[in-house]
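Keep in mind that what you see is a predicted model, and the values were worked out from it rather than measured.
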Amino acid sequence: MRSNVDLSAMLGIISRLPSHVVMREASDPNRVNYRYRQLVQEMAKIVQSIGPPRGSSSPIGRLPTEILIQIFLYCIPEDANWTPAPDLAPMQLTAVCLRWREIAVNMPNLWRRLRLEIGHGDWQQRAFCYDSYLKRSQGRQLSLTLECENNNWTELRSLLHPYAYQISSLHVGLFSGASSFPLVLADFSGLEELAIYTDGSGPVPAVPAVAHIAHSITHLPPNMRSLRLLDTRFDFQVLSSLNSSSWAGLTNLEIVVEGLVSLPCLLRLCPNLSSLTIIGKFMAALEASGNLAHTKLQSLRISGDLPMNTIFFGLLGLFDKVTLPNLRIVEVRNIGRWVHGEFKALITRSQCPLESLIFGGGVRTTPQQLAEYVTLFPSLKLVIDPTRSSVSE
């Protein structure tokens with residue numbers, strides 16, 4: 001009989017496998033089978049080197065359940081949700097043999113990530129597959145991606161209803177056929193992360209969809225921490241009128257806006273925010289209220305729509321009424337002439353531990369301005385990268 005020492009040794013070897021290579025290769029369906037066989041062969045050699053158990057004829061058949069569990073987990077990408085497919089894990093694992101099926105079906109961590117496609121194909125067949133998949137999660141937290149091609153939300157809501165409390169991460173894609181938002185976010189009591197986006201190839205969501213989204217985000221679930229509203233342009237007046245206490249728990253916000261933007265107003269709405277990304281066509285609104293000290297914000301990323309050679313200061317007035325004592329990372333792009341004086345005043349009065357200052361494309365600075373930042377923060381990581389096209393790179 002194999003000892004606990006032997007088992008610990010094998011588990012240690014598995015934990016030292018290059019998991020990042022596994023994940024990268026697993027993202028390519030054509031290489032999944034190859035890498036999977038490679039892992040199995042490695043583990044089989046380990047088992048054989050320790051010695052075969054009595055009454056077993058196949059090296060792979062002699063793999064202990066604990067080892068198979070580790071291998072199965074390495075087959076699942078940790079950073080993406082996947083549409084179920086018979087030639088990809090975890091469904092592929094259930095088709096090898098009865099023993100593997102029993103192990104895989106009873107591993108809820110294999111069934112926690114799922115991409116659902118709504119609006120094409122046989123929905124009843126898809127819904128049955130999705131439901132079987134979700135049941136195997138056995139109450140664990142779920143990460144789901146919904147790709148919506150139409151407005152048939154009734155069946156989708158019916159499918160998700162039994163699992164609503166499990167969903168902690170939700171990505172919703174509104175494509176060309178979707179003109180409304182499918183969900184009432186308050187129904188998802190366990191939701192921590194929400195991203196709403198389009199396919200990137202067509203126009204932004206229609207006005208009715210934007211109105212539905214705005215209404216839905218008025219009341220966020222109590223555990224919500226991250227809200228990313230991508231490709232969906234909001235009038236800042238609509239956002240500033242929310243006055244919703246449910247936004248107070250957000251720690252990460254990424255939003256596309258237009259019109260006059262008030263940074264103090266946004267920070268008041270989200271007092272616990274540690275990361276803020278603002279994208280869009282906007283100018284800073286004049287502030288009548290007093291100075292706002294926001295002690296939680298650490299990362300601020302801003303992307304406008306002005307070219308570098310413009311005579312305008314795209315962020316003029318944005319930093320006037322705020323103090324950010326914990327600010328560590330600032331990144332800007334496409335904001336025209338840099339508001340050096342205002343930003344220097346901000347970081348001086350904030351006495352913040354600025355670590356990284358990134359100027360992407362479409363920002364006009366001078367060598368003297370950059371030298372002043374280095375003088376203020378000798379260990380500052382200063383990046384000037386005109387090719388940087390996104391604040392999320």
Side-chain angles (χ1 to χ4, degrees), residues 192-195 217 220 222-230 234 236 239-240 242-257 259-280 282-304 313-335 338-360 363 373 376-377 379-383 388 390-393:
E192 300 174 2
E193 175 190 2
L194 172 67
I217 61 176
L220 300 177
N223 295 318
M224 178 79 81
R225 296 295 176 264
S226 177
L227 177 61
R228 302 173 64 220
L229 303 172
L230 314 176
F234 288 91
F236 190 80
L239 294 175
S240 60
L242 289 178
N243 194 27
S244 175
S245 60
S246 65
W247 281 50
L250 289 178
T251 58
N252 176 60
L253 177 64
E254 184 172 340
I255 194 164
V256 182
V257 296
L260 296 176
V261 172
S262 166
L263 184 58
C265 177
L266 199 55
L267 294 177
R268 287 190 191 97
L269 192 63
C270 310
N272 289 297
L273 210 60
S274 63
S275 177
L276 172 62
T277 300
I278 305 175
I279 303 170
F282 60 86
M283 294 183 66
L286 294 177
E287 288 292 331
S289 57
N291 188 70
L292 172 71
H294 193 288
T295 61
K296 301 294 182 66
L297 193 69
Q298 299 182 29
S299 173
L300 178 62
R301 291 178 165 88
I302 302 174
S303 178
F313 294 88
L315 301 183
L316 190 63
L318 190 68
F319 303 129
D320 280 354
K321 297 290 187 175
V322 293
T323 302
L324 306 172
N326 257 321
L327 190 64
R328 287 170 164 77
I329 301 170
V330 174
E331 179 179 350
V332 291
R333 69 179 180 99
N334 299 330
I335 48 84
W338 175 234
V339 286
H340 170 68
E342 289 188 7
F343 182 71
K344 184 179 176 181
L346 167 67
I347 57 180
T348 300
R349 69 173 174 269
S350 298
Q351 292 295 297
C352 58
L354 192 65
E355 300 171 356
S356 179
L357 180 56
I358 303 169
F359 293 106
V363 184
Y373 298 132
L376 285 171
F377 303 93
S379 61
L380 178 69
K381 178 183 177 183
L382 184 61
V383 178
R388 198 178 185 96
S390 170
V391 293
S392 61
E393 286 182 351

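Going from atom CG of L276 over to atom CD of Q298 covers 13.0 Å, rounded to the nearest 0.5 Å. Atom CG of L266 sits about 10.0 Å away from atom CG of L250, to the nearest 0.5 Å. Taken to the nearest 0.5 Å, the CG atom of L346 stands 8.5 Å off from the CG atom of L300. Here the OG-CZ distance, from S275 to R301, works out to 6.0 Å after rounding to the nearest 0.5 Å. The distance from atom CD1 of I278 to atom CG of L315, rounded to the nearest 0.5 Å, is 9.0 Å. Rounding to the nearest 0.5 angstrom, the gap separating the CG atom in N252 from the CD atom in E192 is 13.0 Å.
At least one side-chain heavy atom of E254 sits less than 4.5 Å from a side-chain heavy atom of I279. Looking at F377 and L357, their side chains never come closer than 4.5 Å, going by heavy atoms from C-beta outward. Contact of the K344 side chain with the L376 side chain is registered, since non-hydrogen atoms from C-beta on lie closer than 4.5 Å. Between L253 and L269, the closest side-chain pair of non-hydrogen atoms is not below 4.5 Å. Residues L382 and F359 meet the side-chain proximity criterion, which asks for heavy atoms closer than 4.5 Å. F319 places none of its side-chain heavy atoms less than 4.5 Å from the side chain of L324. Side-chain contact between I335 and I302 is present, with at least one heavy-atom pair separated by less than 4.5 Å. At least one side-chain heavy atom of D320 sits under 4.5 Å from a side-chain heavy atom of E342.
Heavy atoms only, all atoms of each residue included: L267 and L273 are closest at CD2-CD2, 4.5 Å. The minimum heavy-atom distance linking M224 with L194 is given by the pair CE-CB, 3.7 Å. Looking at every heavy atom in both residues, P325 comes nearest to P353 through O-CD, 3.3 Å. Between V322 and N291, the closest heavy-atom pair is N-OD1, 3.2 Å. Nearest approach of W247 to I217, heavy atoms of both residues: NE1-O, 2.7 Å. The two residues K321 and R349 come nearest to each other via the heavy atoms N-NH2, 4.3 Å.
With sequence neighbours excluded, the residues satisfying side chain to side chain contact (heavy atoms under 4.5 Å, CB included) with S356 are I329, I358, K381.
Between the side chain of T251 and the main chain of S274, no donor-acceptor pair closer than 3.5 Å is present. A donor-acceptor pair is defined here as one N or O able to donate and one able to accept, closer than 3.5 Å; such a pair exists between the side chain of H294 and the backbone of P271.
Of the N and O atoms on the side chains of S226 and R228, not one donor lies less than 3.5 Å from an acceptor on the other residue. Counting only N and O atoms by type, the side chains of R328 and N326 include a donor and acceptor under 3.5 Å apart. Between the side chains of S303 and R333, at least one donor-acceptor pair of N or O atoms lies under 3.5 Å.
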